Each structure stands twice: as C-alpha cells, then as structure tokens.
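Nothing fancy with the numbering, it's 1 onward along the sequence. Just so we're clear, the structure is a prediction, and the values are computed from it rather than from any experiment. Computed from heavy atoms alone, side chains included, the values below leave out hydrogens, waters and symmetry copies.
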Amino acid sequence: MRFFILLLMFTTLPLAAEVFFIPGWQTGVDSSRDGCVRILRDIFPDETISVQSWDGMDLQWSYVKAKAEAHTRKVLERILAMPEDQRRELVVVGHSIGARIAIEVLCELARRNMKVHSSVFLGGAIGDDDPRIRRSLDAIRFTCCIVYNPDDWVLKYLYPMGEVLGHTPLGLTGWSEWDSRVFESRAPNERFGPFNHYAYLYLYELARLYSRLPEFREVVVIQDEENVERHPGDELFWETVESFGGWKLQKNIYSGKFRILDDHFIRRANGSENKMRESFTDVKRQLLGEN
C-alpha cells in the first residue's frame, strides 16, 4: 500500500507552536531576559515563549561550561518529554553559550531521528568549524538562522581565553560551511565593548532576518517501499538517472532498485523503477508549481 511523506520546500512557512529561548552566560538579570521575551513575542506572535533559564549567570567562565552541560541534559529531557506533534513545532533559540547548548540538544535529537520546527543561533559561543553544527541541522524541519557580529567584544577577546586557540566562534563570523537550510545575518555594532554581546541586539537582527526569509510549501513524495529518512552512505553504488532542482532519481548498479534523493541528499523514497519514475515525475510537477 502506498503512503506519503511530507517534504518541505519553498512556498509557505507553517507556524511553530512554542519557542524555547536558552540564554547565554551573563545574559543578565530578569529585566534583560524580559526584554528578550518581548522581542521574541514580536517575532513569533502566535507562539508560546519559554525561557530555559539556568544557573550559570554569575559564575566564572571556567565553571560555566560544566553548568552548561548539565543544562543541556535538562533541556533535552524537556523536549523528549513532549508529544511528537508538539516537538515538531518547536523552535529552539540559543544565545552565546546557550547556542552551544541548543546545538548539542539538536545533535542528540538527530541521533534519535527526532525533529523540531527550526533553530536559531545568536552570537554562538562555539567554533565556526565545529562538526556538531552540521549534525544539528538533521534535527530541523525548516530553517536554521545564524546571527553573528564581527565586532562582538566578548567573543573576540574573552571567548578565546577559555577555548582552544584557532577556533573562531560561530557568533563572530558566521558558519564556515554552507547549507540551503541555513540563513545568516550580521548584527549591527550598536554598543561599545562587552555591551555589544547583549542578546537583545542579536534578537533585533533576527527580527529583520525573519522578515526576509523565503516561504515554504510541502511537497508530497509518493513512495513504493517503506522508507526511513536518512543520509545515504553508499553513493558509490548508485548512478543518477535523472536530476531536477537538486533532486535526484538514482539506480543501484547491483540490485536495480531505484531511490529519490532530495536537494539535501536525504533519501525520500525507494522501490521499483516504475514507481520511482512515477514519483519523481510527480515531484518535478510540484517543484514547477503545477497542480
């Protein structure tokens, strides 16, 4: 029996249901976080904003990372406890070391084949070449937004003192790689010294970035055999029969089986040649916007 998988492509961005905001080190007193919540409510007017507070605000940096690891486990437990339909509509927003917490949480969700709606990394206190950033993308259904600031005094001067030298922070330069799901924007330098690391400055830029995001729509992929979304690791034994818009229809040179890969190299369908050719034709029709 045929079944369908919903696949995300450009046209209409569905609304999320809840936003987890993970503040960073020294994000500040309650009034500062209240200000962040007000901005987040402007960005996500129909969603519930939940601040994932932790007790690393007044500690020295040498203790903060250990506290962040403990908080990572707590945030993960809260997300795992959600019903699947609620979890899939969750937006995870992290500032500074809160972005590192968010990335680690998303990596674990990806390992469990679980997904959230979207992710946001603001002034991320994590190396821009850290492989966990790419792995975290496997846990999002829509977009990952990264806001950085090359003039961030905290990331430029204080962050390297507690980290391995040679790793430029994500929040200073943006991500060192590229992915079509990732959208980046540079925050303006509106404050002096450590004050330009404040979360609300990054959130103001996030609001501008969200207003420019492309819209998304759903593409229905008709399938033949049961399929589990995954990154293909056996590209060597597959040949591309047809490609369109970054999508590929491929044939296994040994078994003769066919599969469809999307533009993120995720296997979205597999089965017989006739069924996969029919499905790929239908995908192309949808990508062209035809009814």
Side-chain angles (χ1 to χ4, degrees), residues 1-14 84 87-88 103-104 106-119 127-144 146 175-184 214-291:
M1 183 177 70
R2 294 184 182 180
F3 58 96
F4 299 89
I5 287 183
L6 294 181
L7 188 61
L8 315 170
M9 291 297 294
F10 293 116
T11 297
T12 303
L13 181 60
E84 182 181 0
R87 182 174 58 247
R88 287 172 63 83
I103 288 169
E104 291 180 348
L106 292 171
C107 284
E108 179 58 26
L109 292 176
R111 191 184 70 82
R112 298 168 183 249
N113 293 318
M114 296 178 176
K115 293 183 182 290
V116 299
H117 185 282
S118 304
S119 61
D128 65 347
D129 58 351
D130 195 302
R132 289 175 294 182
I133 299 173
R134 174 156 301 276
R135 289 199 298 269
S136 74
L137 300 180
D138 293 336
I140 64 170
R141 300 171 54 215
F142 289 96
T143 61
C144 171
I146 297 174
W175 193 30
S176 62
E177 299 184 41
W178 180 89
D179 190 285
S180 61
R181 294 165 291 183
V182 176
F183 297 85
E184 300 189 83
E215 296 182 341
F216 293 78
R217 66 179 162 85
E218 295 174 336
V219 172
V220 177
V221 182
I222 303 173
Q223 300 205 7
D224 182 19
E225 300 177 359
E226 186 173 357
N227 176 64
V228 178
E229 295 180 12
R230 64 180 178 86
H231 283 283
D234 49 1
E235 190 74 15
L236 179 64
F237 304 111
W238 293 84
E239 63 177 359
T240 299
V241 176
E242 187 177 356
S243 62
F244 185 85
W247 289 58
K248 295 179 180 180
L249 175 64
Q250 294 188 328
K251 176 183 178 181
N252 189 286
I253 61 177
Y254 290 109
S255 68
K257 288 283 189 179
F258 276 67
R259 70 181 183 183
I260 294 175
L261 303 183
D262 67 13
D263 55 348
H264 300 305
F265 302 100
I266 301 295
R267 190 183 74 184
R268 296 300 183 176
N270 67 108
S272 67
E273 178 178 358
N274 289 341
K275 296 294 186 182
M276 290 301 95
R277 286 189 180 277
E278 176 188 349
S279 180
F280 197 71
T281 298
D282 189 65
V283 167
K284 290 191 296 181
R285 176 185 60 76
Q286 295 179 69
L287 292 176
L288 289 170
E290 300 175 357
N291 293 327

Please report the shortest heavy-atom distance between Ile103 and Ser136, naming the atom on each side.
->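 Result for this residue pair: O-CB, 3.9 Å.
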Between Cys107 and Arg132, which heavy-atom pair has the shortest distance, and what is it?
->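 That closest heavy-atom pairing would be SG-O, 3.1 Å.
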Output the distance between atom [atom1] ([X]) and atom [atom2] ([Y]), rounded to the nearest 0.5 Å.
{"X": "Phe280", "Y": "Leu261", "atom1": "CZ", "atom2": "CG", "value": "9.0 Å"}
{"X": "Asn252", "Y": "Trp238", "atom1": "CG", "atom2": "CH2", "value": "4.5 Å"}
{"X": "Asp138", "Y": "Leu109", "atom1": "CG", "atom2": "CG", "value": "11.5 Å"}
{"X": "Asn227", "Y": "Arg267", "atom1": "CG", "atom2": "CZ", "value": "4.5 Å"}
{"X": "Met114", "Y": "Glu108", "atom1": "CE", "atom2": "CD", "value": "9.0 Å"}
{"X": "Thr143", "Y": "His117", "atom1": "OG1", "atom2": "NE2", "value": "7.5 Å"}

[Y] backbone acceptor or donor facing [X] side chain under 3.5 Å:
{"X": "Ser119", "Y": "Cys144", "result": "no"}
{"X": "Arg141", "Y": "Arg88", "result": "yes"}
{"X": "Asp128", "Y": "Ser176", "result": "no"}
{"X": "Glu184", "Y": "Trp175", "result": "yes"}

Contact check, side chains of Thr240 and Leu249, non-hydrogen atoms, under 4.5 Å =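 Side-chain contact under 4.5 Å: no.
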Candidate pair Phe244 and Val283, rule side-chain contact (heavy atoms from CB on, under 4.5 Å), full reasoning = CA-CA 9 Å; Phe244 185 85; Val283 167; over 6 Å; no
Output all residues satisfying side chain to side chain donor-acceptor pair (under 3.5 Å) with Asp179, sequence neighbours left out; order by chain, then residue number.
->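 By the side chain to side chain donor-acceptor pair (under 3.5 Å) rule, Asp179 matches Arg134, Arg181.
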For Ser272, side chain to side chain donor-acceptor pair (under 3.5 Å) partners two or more places apart =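 Partners of Ser272 under the side chain to side chain donor-acceptor pair (under 3.5 Å) test: Asp224.
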Within residues 239-257 or reaching into it, pairs that qualify as salt bridge (Lys or Arg N to Asp or Glu O under 4.0 Å) - sequence neighbours excluded |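 For residues 239-257, and leaving out neighbouring residues, the salt bridge (Lys or Arg N to Asp or Glu O under 4.0 Å) pairs sorted by first residue read Glu225-Lys257, Glu242-Lys284.
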side-chain contact (heavy atoms from CB on, under 4.5 Å) between Arg87 and Val116, intermediate numbers included = CA-CA 6 Å; Arg87 182 174 58 247; Val116 299; 4.2 Å; yes
Residues Asp282 and Gln286: side-chain donor-acceptor under 3.5 angstrom |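 Distance-only check passes for Asp282 and Gln286.
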Does the pair Glu177 and Val182 meet the rule for a side-chain contact (heavy atoms from CB on, under 4.5 Å), with working shown?
-> CA-CA 10 Å; Glu177 299 184 41; Val182 176; over 6 Å; no
